[in-house]
Protein chains: 2
Amino acid sequence: MSAEPDVRQRLIEAAADVLGEEGPGALSARRLARDVGTSTMAVYTHFGGMPGLVRAVVAEGFRRLYDRVAAAGLTDDPVVDLAAAAAAYRAHALADPHLYSVMFGSASLGEYRLHDEELEVGLAAFDQLVALVERAMVAGALRQADPAPVAAQLWTALHGYVVLEIADFYRHLDDPESQVLQPMLAHLLASVG
Amino acid sequence: MSAEPDVRQRLIEAAADVLGEEGPGALSARRLARDVGTSTMAVYTHFGGMPGLVRAVVAEGFRRLYDRVAAAGLTDDPVVDLAAAAAAYRAHALADPHLYSVMFGSASLGEYRLHDEELEVGLAAFDQLVALVERAMVAGALRQADPAPVAAQLWTALHGYVVLEIADFYRHLDDPESQVLQPMLAHLLASVG
DNA sequence: CATCCTTCCATAACGGCGTTATGGTCACCG
DNA sequence: CGGTGACCATAACGCCGTTATGGAAGGATG
């Protein structure tokens with residue numbers, strides 16, 4: 001049934017599965033060792049402990065996020081592509097909200113704190129957005145400027161929306177997507193366009 | 001030294017203290033019982049368990065956030081007041097980042113999920129912002145519209161910034177406050193003004 | 001071929017955790 | 001004055017992360 005090689009990768013995938021299906025409360029070295037068919041010591045030889053495994057899962061989450069946003073593809077309209085990337089980003093986060101929460105660590109699992117290794121993977125995903133913004137600038141759809149801060153503003157707003165949506169803080173609004181998310185992104189794009 | 005009555009409130013304050021000084025990893029019923037000078041059973045008689053205590057701490061966090069933002073006071077310029085409220089909001093979050101993370105971390109700490117009780121306290125804080133926006137509208141500083149979605153957009157962007165700042169995701173930018181936060185809020189205000 | 005050394009994981013133990021069962025104490029109410 | 005309920009101390013159960021120890025496999029070295 002299960003392939004035997006690469007215990008490290010299988011632990012990461014098992015952790016991502018448990019996170020997606022049962023939430024962070026179900027994450028434990030013993031549970032993962034059982035699922036993968038090994039002992040808890042494998043977690044220590046490969047990750048140095050449970051926090052190390054969580055960091056690896058976070059890096060994996062950023063890799064998946066990168067792939068998902070990249071899969072949105074490109075058209076001949078840079079603004080349409082920006083909207084498509086944002087939609088893909090949100091869809092990915094909502095499809096695995098626990099993983100997304102752990103990625104942005106605010107989720108406070110253990111004493112986790114961002115290391116350079118995971119930050120690098122996260123920044124690769126962010127650079128995608130910078131490239132999309134820069135492309136819109138050279139195409140004349142956005143005013144010429146440093147694309148990094150503009151991309152950071154878009155990402156910040158989108159991330160804030162996703163976090164509050166996952167935490168169910170828009171419960172009292174009907175259709176928050178069209179009342180909050182879309183106008184907010186439209187305002188930001190209009191102001192830098 | 002310590003007042004004896006109201007074990008419930010003392011447990012909440014002890015939890016907020018531990019959260020602020022040592023982070024969520026140090027939160028435990030046994031630890032809090034030791035600090036307060038009681039047994040773990042007090043947690044169960046007053047909160048029904050550890051998740052119940054966390055929910056109470058979240059509600060307390062929203063109450064403090066409300067007070068902190070309200071303390072910003074009012075001038076005769078509604079736009080200045082909006083900026084002051086945003087600054088107070090950010091300062092409060094950065095002063096106790098663990099508490100802020102738990103408040104919005106739908107994930108991770110146990111199986112915590114937002115209940116109506118805490119949402120109500122959170123919405124009271126949000127209503128402050130709605131009132132500030134409405135005040136700016138009647139003063140003519142912002143275009144007349146439904147203030148709730150506008151306030152939600154401002155809050156979303158500000159929250160996103162605070163979360164990413166706490167998680168140290170702006171490490172690669174110098175002065176993210178002036179490169180990201182200020183222009184983002186300015187753009188949103190300009191677009192609705 | 002024999003040896004060593006490194007990598008990797010199984011077993012078992014330690015302390016701490018949330019939770020539960022049980023019982024005791026004290027206030028209040030009939 | 002008996003009872004009844006709220007509140008908490010004690011102790012146990014089954015988890016957890018982590019560590020110590022040792023054994024098995026494989027490549028390098030003589």
Side-chain angles (χ1 to χ4, degrees), chain A residues 1-58 98 101-102 105 107-113 115, chain B residues 1-19 21-58 98 101-102 105-113 115:
Chain A
M1 180 62 85
S2 57
E4 286 200 1
D6 213 347
V7 175
R8 177 188 159 91
Q9 193 58 31
R10 285 167 59 207
L11 281 172
I12 293 177
E13 290 173 6
D17 288 351
V18 169
L19 212 52
E21 294 167 12
E22 305 183 39
L27 262 192
S28 81
R30 286 177 154 90
R31 160 69 183 275
L32 295 179
R34 238 181 292 125
D35 287 2
V36 172
T38 178
S39 83
T40 64
M41 277 309 298
V43 174
Y44 288 83
T45 60
H46 289 290
F47 306 98
M50 210 52 192
L53 186 146
V54 172
R55 284 175 34 217
V57 171
V58 168
H98 289 307
S101 297
V102 172
S108 59
L109 208 150
E111 282 305 316
Y112 172 73
R113 187 128 197 97
H115 279 249
Chain B
M1 178 66 81
S2 57
E4 286 199 3
D6 213 349
V7 175
R8 175 188 160 93
Q9 192 58 31
R10 285 166 60 207
L11 281 172
I12 293 178
E13 289 172 6
D17 288 350
V18 169
L19 211 51
E21 293 167 14
E22 305 182 41
L27 262 193
S28 80
R30 286 176 154 91
R31 161 70 183 276
L32 295 179
R34 239 181 291 125
D35 288 2
V36 172
T38 178
S39 82
T40 63
M41 277 309 298
V43 174
Y44 289 82
T45 59
H46 290 290
F47 306 98
M50 210 51 191
L53 186 144
V54 172
R55 284 175 34 215
V57 170
V58 168
H98 289 308
S101 296
V102 172
S106 53
S108 286
L109 218 150
E111 282 304 317
Y112 172 72
R113 187 127 197 99
H115 280 249

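For clarity, every value in this text was computed on a predicted model and none was experimentally measured. Every chain is numbered from 1 and lettered A, B, ... according to where its sequence line falls, protein lines coming before strand lines. Hydrogens, waters and symmetry mates are skipped; everything else that's a heavy atom, side chains included, is used.
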Exercise. Hey, does the side chain of A:His46 come within less than 4.0 Å of C:dC9's phosphate (OP1/OP2), counting only N and O?
Worked result: yes
For this session: Just call it for B:Thr45: base, sugar-phosphate, or nothing, with non-hydrogen atoms closer than 4.0 Å on any strand.
Result: base
Exercise. Checking all strands, does A:Thr38 fall into the base, sugar-phosphate, or nothing category for heavy-atom contacts under 4.0 angstrom?
Worked result: sugar-phosphate
Could you tell me the separation between the [atom1] atom of [X] and the [atom2] atom of [N], rounded to a whole number of Å?
| X | N | atom1 | atom2 | result |
| --- | --- | --- | --- | --- |
| B:Tyr44 | C:dT20 | OH | P | 6 Å |
| A:Arg30 | D:dC15 | CZ | P | 10 Å |
| A:Met50 | D:dG17 | CE | P | 5 Å |
| A:Arg8 | C:dT7 | CZ | C1' | 15 Å |
| B:Leu27 | C:dG18 | CG | C1' | 13 Å |
| A:Met41 | C:dC8 | CE | C1' | 9 Å |
| A:Leu53 | D:dT18 | CG | C1' | 14 Å |
| B:Phe47 | D:dC8 | CZ | P | 10 Å |

Exercise. Which distance, rounded to the nearest 0.5 Å, do you find between the OG1 of A:Thr38 and the NE2 of A:His46?
Worked result: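 Taking OG1 in A:Thr38 and NE2 in A:His46, the distance rounds to 7.5 Å.
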Problem set entry | Between CZ on residue B:Arg8 and CD on residue B:Glu13, distance to nearest 0.5 Å | 11.5 Å
Exercise. 5'-most contact on DNA chain C: A:Thr40 or B:Thr40, nearest heavy atom basis?
Worked result: A:Thr40
Which nucleotide sits closest to the side chain of [X]: [options]?
| X | options | result |
| --- | --- | --- |
| B:Arg34 | C:dC17, C:dC9, D:dT18 | C:dC17 |
| B:Ser28 | D:dT19, C:dC17, D:dG17 | C:dC17 |
| A:Ala29 | D:dG17, C:dT11, D:dC8 | D:dG17 |

For this session: State whether A:Arg31 and A:Asp35 are salt-bridged, where the test is any N-O pair (Lys NZ or Arg NE/NH1/NH2 against Asp/Glu carboxylate O) under 4.0 Å.
Result: yes
For this session: Side-chain contact test, heavy atoms from C-beta onward, threshold under 4.5 Å: evaluate it for B:Met50 versus B:Leu32 and give yes or no.
Result: yes
Exercise. Are side-chain heavy atoms of B:Leu19 and B:Val102 found at a separation under 4.5 Å?
Worked result: yes
